[in-house]
K.L.:
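Below you'll find the structure I mean.
Remember, it's a predicted structure, so these values are computed and weren't measured experimentally. Residue indices begin at 1 and follow the sequence shown.
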Amino acid sequence: MSQPIRVVVWGENFHENHDEPVRAIYPDGMHTAIAEGIRELLGEGVEVSTVTLYDEHQGITEDLLAGTDVLLWWGHARHDEVTDETATRVQRAVQAGMGLIVLHSGHHSKPFVQLMGTTCNLDWRGSDDRELVWTVNPGHPIAQGVPHPIIIDSEEMYGEPFDVPAPDELIFVSSFSGGEVIRSGGTWTRGRGKVFYFRPGDQEYPTYFHPDVRRVIANAVAWIAPTNGRVAPVVNRRPAGWFETGESLDASDPRLQQH
């Protein structure tokens with residue numbers, strides 16, 4: 001029997017503690033609702049835990065990441081409070097093979113911006129709007145079992161231009177009442193790891209209780225989990241004649257620390 005996918009949901013957990021309307025929708029936090037949806041749909045195939053910005057070390061330590069197959073990230077109001085060190089730990093874990101799922105306003109999170117190498121800016125409108133999530137890649141595992149389109153009656157609008165690199169795989173495109181569209185579900189490969197961005201999930205709406213949104217997130221967890229373990233990228237020194245002798249020195253060799 002295969003081992004369960006080890007999942008960690010990181011939540012900023014600011015709005016739930018400071019905005020009463022958000023607390024009314026998510027009394028246990030958005031991160032808890034997201035985690036519950038994953039457990040509901042993947043059952044014994046996952047082990048799910050949650051951490052927040054206000055936990056020790058902002059919830060992100062090397063030990064936690066070493067034991068994580070898939071990290072989900074929701075942030076919005078406190079991106080700047082996430083330290084560069086925290087963001088770099090996440091970036092390096094992805095490059096070594098961990099899967100990262102970035103949700104909604106996490107497009108401006110430090111880990112996502114570092115991994116994309118762009119501003120990740122987009123257009124937006126905060127008014128109550130209907131979102132239609134259209135599947136443009138119906139054969140992709142992340143799209144399995146979801147309707148075409150997913151109908152979300154009340155959401156925040158995001159629109160193009162969305163300043164991210166062209167996705168390796170574009171799965172969903174969303175449209176809104178003003179005619180706006182955005183690439184709302186795409187994947188990227190970074191090193192040995194994969195990144196999936198999924199747009200729905202403004203804090204003012206109960207989006208993470210929506211069954212089709214939960215299905216997409218659960219599908220993404222199953223798809224993005226590493227299948228070949230985690231291996232951090234390394235740099236080797238190749239001495240002259242290494243091909244004949246087989247000698248190479250990895251970055252941990254003390255001889256490489258001498259200058």
Side-chain angles (χ1 to χ4, degrees), residues 1-14 16-17 28-39 42-103 106 108-117 187-198 208 217-218 220-236 250-254 256-257:
M1 180 178 178
S2 60
Q3 296 297 312
I5 300 170
R6 301 167 298 177
V7 181
V8 174
V9 180
W10 187 94
E12 188 177 84
N13 202 34
F14 175 81
E16 302 94 312
N17 290 318
D28 298 317
M30 299 177 71
H31 52 288
T32 300
I34 294 166
E36 288 173 348
I38 297 168
R39 293 190 192 101
L42 297 182
E44 295 182 358
V46 291
E47 294 178 352
V48 188
S49 60
T50 63
V51 293
T52 75
L53 173 65
Y54 300 104
D55 290 335
E56 188 176 7
H57 305 296
Q58 303 188 320
I60 301 294
T61 65
E62 293 288 0
D63 286 343
L64 178 132
L65 293 174
T68 301
D69 297 315
V70 179
L71 175 67
L72 292 92
W73 192 281
W74 194 101
H76 178 218
R78 292 294 183 268
H79 293 312
D80 290 344
E81 291 184 13
V82 176
T83 66
D84 293 341
E85 291 78 12
T86 294
T88 298
R89 281 196 288 270
V90 174
Q91 177 187 13
R92 289 175 177 170
V94 172
Q95 291 169 332
M98 184 187 74
L100 176 65
I101 298 173
V102 177
L103 300 170
H108 267 158
S109 66
K110 284 185 178 180
F112 189 64
V113 170
Q114 286 187 199
L115 286 160
M116 294 297 103
T187 73
W188 295 262
T189 298
R190 292 293 182 265
R192 294 175 178 267
K194 300 173 184 175
V195 179
F196 174 60
Y197 173 75
F198 191 45
Y208 292 120
I217 292 172
V221 167
W223 177 80
I224 210 169
T227 57
N228 297 315
R230 297 267 293 275
V231 180
V234 297
V235 176
N236 292 317
D250 66 34
S252 64
D253 193 295
L256 297 184
Q257 312 308 315

K.L.:
State which residues pass side chain to side chain donor-acceptor pair (under 3.5 Å) with T32; sequence neighbours excluded, sorted by chain then number.
P.N.:
none
K.L.:
To the nearest 0.5 Å, what is the distance between OG1 on T227 and NZ on K194?
P.N.:
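Between T227 OG1 and K194 NZ, I get 6.5 Å after rounding to 0.5 Å.
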K.L.:
Could you pull out all residues at least two apart from Q114 that satisfy side chain to side chain donor-acceptor pair (under 3.5 Å)?
P.N.:
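Listed in chain order: Q91.
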K.L.:
Could you tell me whether the side chain of W188 reaches within less than 4.5 Å of the side chain of M116, counting heavy atoms only?
P.N.:
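In short, these two side chains touch, coming nearer than 4.5 Å.
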K.L.:
Could you tell me the separation between the CH2 atom of W74 and the OH atom of Y208, rounded to the nearest 0.5 Å?
P.N.:
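Here the interatomic distance stands at 7.0 Å.
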K.L.:
Of all residues at least two apart in sequence or in a different chain, which pass the ring-ring contact (aromatic ring centres under 6.0 Å, His included) check with H79?
P.N.:
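Partners of H79 by the ring-ring contact (aromatic ring centres under 6.0 Å, His included) criterion come out as none, since no residue qualifies.
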K.L.:
Do you know which of N13, V8, L71 makes side-chain contact (heavy atoms from CB on, under 4.5 Å) with V51?
P.N.:
V8
K.L.:
Determine the minimum heavy-atom distance between Y197 and L103, stating which atoms define it.
P.N.:
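Closest pair (atom of Y197, atom of L103, distance): CE1-C, 4.3 Å.
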K.L.:
Please give me the minimum heavy-atom distance between V90 and P111, naming the atom from each residue.
P.N.:
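Taking V90 first and P111 second, the nearest heavy atoms are CG1-CB, 3.8 Å.
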K.L.:
What residues, two or more places apart in sequence or in another chain, satisfy side chain to side chain contact (heavy atoms under 4.5 Å, CB included) together with T83?
P.N.:
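Scan of T83 (side chain to side chain contact (heavy atoms under 4.5 Å, CB included), adjacent residues dropped) gives Q58, E85, T86.
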K.L.:
For R78, enumerate each residue passing the salt bridge (Lys or Arg N to Asp or Glu O under 4.0 Å) test, keeping only those at least two apart in sequence or located in another chain.
P.N.:
E81
K.L.:
Could you tell me if the side chain of F112 sits less than 4.5 Å from the side chain of V195, heavy atoms only?
P.N.:
yes
K.L.:
At their closest point, which heavy atom of G99 faces which heavy atom of P226, and how far apart are they?
P.N.:
N-CD, 4.3 Å
K.L.:
Rounded to the nearest 0.5 Å, what separation is found between the CE atom of M30 and the OG1 atom of T50?
P.N.:
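Going from CE on M30 over to OG1 on T50, the span is 13.5 Å.
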K.L.:
Considering all heavy atoms of both residues, which atom of G106 and which atom of S109 are nearest to each other, and what is their separation?
P.N.:
O-OG, 2.6 Å
K.L.:
Can I get a per-line list of side-chain donor-acceptor pairs under 3.5 Å for residues 59-69, giving both atom names and the distance, sequence neighbours left out?
P.N.:
residue: T61; atom: OG1; partner: L64; partner atom: N; Å: 3.0
residue: T68; atom: OG1; partner: L64; partner atom: O; Å: 2.6
residue: D69; atom: OD1; partner: R6; partner atom: NH2; Å: 3.0
residue: D69; atom: OD2; partner: R6; partner atom: N; Å: 2.8
residue: D69; atom: OD2; partner: R6; partner atom: NE; Å: 3.2

K.L.:
Going from CD on E36 to CG on D28, what distance comes out if it is rounded to the nearest 0.5 angstrom?
P.N.:
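The CG atom of D28 is 6.5 Å from CD of E36, to the nearest 0.5 Å.
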K.L.:
So which pairs with a foot in residues 48-57 pass salt bridge (Lys or Arg N to Asp or Glu O under 4.0 Å), sequence neighbours left out?
P.N.:
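Listed once each, the pairs would be none.
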K.L.:
Using modelled atom types only, decide if a donor and an acceptor are shared between the side chain of E12 and the backbone of H76 within a distance under 3.5 Å.
P.N.:
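Yes: the side chain of E12 pairs with the backbone of H76.
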K.L.:
Side chain to side chain contact (heavy atoms under 4.5 Å, CB included) with V48: which residues, sequence neighbours excluded?
P.N.:
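Here the qualifying residues are V7, V9, A35, I38, R39, V46.
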K.L.:
Kindly write out the residues that satisfy side chain to side chain donor-acceptor pair (under 3.5 Å) with D80, not counting sequence neighbours, or none if the list is empty.
P.N.:
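Listed in chain order: nothing, the list is empty.
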K.L.:
At their closest point, which heavy atom of V221 faces which heavy atom of V70, and how far apart are they?
P.N.:
O-CG2, 3.8 Å
K.L.:
Test of understanding: with side chain to side chain donor-acceptor pair (under 3.5 Å), list the residues that count as partners of R92, not counting sequence neighbours.
P.N.:
none
K.L.:
Relative to the ring of W73, is the ring of W10 parallel (under 30°), tilted (30 to 60°) or perpendicular (over 60°)?
P.N.:
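Parallel.
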K.L.:
How far does CD1 of I217 sit from CG of L42, to the nearest 0.5 angstrom?
P.N.:
11.0 Å
